[in-house]
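The structure appears right after this line, and notes come after that.
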Amino acid sequence: MIFKKKDNRLAENRKKNIFVEFAESVLWAVCLAAFLITFVVQAFKIPSGSMLETLQIGDRLLVNKFLYGIKLPFSDRYLIKGADPERGDIIVFRYPRDPSTDFIKRIVGVPGDIIEMRHKVLYLNGKILTEPYVQHLEANSFVMQRDFWGPITVPDNAYFVLGDNRDNSLDSRYWGFVEREAIRGKAWRIYWSSNGWNFRFERIGRLIE
């Protein structure tokens, strides 16, 4: 009987050790995931067609949050500033009119740039900006504010952003500039893409540019 009690205690201790190890593994995994999401990379899903054809509805992206700097958790204040966002970067940011909502657009104007649009053509510092990624679904239809505006000088610490689907995008033409602190990160790669049961395997791993 004594030996059986010892055996039972050993079995119970082993079970406790296994449970403790499992709990520690889960805790470390949660902490690592929280660290990555807060400081390094985060996943986002494309809900609309404002960035067609570059990004499709249903694309799921990894966004590099480390590139532009490290922010305080749950804050837009930088602990360490990284590289400055560049013209052409596709960024995820807090929508200025509703900071609880994330938008994704392309930067077309950085601080100090003078930009304007005439007949759907974007001018940067007095010269036509070549934009091979842009599509116009209403090529022969012109609308003020959407297709004619400027010139505008981009202020310090701010960026002018547009959707690649230029005729169907709610962007800086309508609500103004994006502050640097509102930028969450740069779109990096597509890790999954589907729209309903339409799985687009050929898009997986694609670099976003």
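Computed from a predicted model, the values in this text were never measured in an experiment. One is the number of the first residue; the rest follow in order along the sequence.
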Without hydrogens or angle criteria, can the side chains of Y68 and D89 be said to hold a donor-acceptor pair below 3.5 Å?
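Yes, side-chain donor-acceptor contact under 3.5 Å.
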Verify the distance criterion only: is there a donor paired with an acceptor across the side chains of R180 and Y78 at less than 3.5 Å?
yes
Would you kindly check if the NZ (Lys) or CZ (Arg) of R206 is within the cone defined by 45 degrees around the ring axis of Y191 and under 6.0 Å from the six-membered ring centre?
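Not flagged: R206 not positioned over aromatic ring of Y191.
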Does R106 qualify as a cation-pi partner of Y133, given the criterion of NZ or CZ under 6.0 Å from the six-membered ring centre and within 45 degrees of its axis?
yes
For [X] against [Y], the heavy-atom pair lying closest together:
X	Y	value
L61	A187	CD1-CB, 4.3 Å
I104	S50	O-OG, 4.3 Å
M117	D147	CG-O, 3.4 Å

Are the side chain of [X] and the backbone N or O of [Y] linked by a donor-acceptor pair below 3.5 Å?
X	Y	answer
K120	S141	yes
D59	I46	no
N64	L67	yes

Can you tell me if [X] has over 12 outside heavy atoms packed within less than 6.0 Å of its [atom1]?
X	atom1	value
K81	NZ	yes
W188	CH2	no
D156	CG	no

How many angstroms lie between CD1 in I107 and CD1 in I90, if you round to the nearest 0.5 Å?
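Result: 10.0 Å between the selected atoms.
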Roughly how far apart are Y95 OH and K105 NZ, rounded to 0.5 Å?
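Answer for the OH-NZ pair, Y95 versus K105, is 9.5 Å.
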Residue pair E179, F93: steps toward the side chain to side chain contact (heavy atoms under 4.5 Å, CB included) verdict
CA-CA 9 Å; E179 299 292 329; F93 57 92; over 6 Å; no
Tell me whether the centres of the aromatic rings in W149 and F160 are closer together than 6.0 Å.
yes
So, using salt bridge (charged side-chain N to carboxylate O under 4.0 Å, His left out) as the criterion, who are the partners of [X] when residues are at least two apart?
X	answer
R87	D113
D76	K71, R94
E209	none

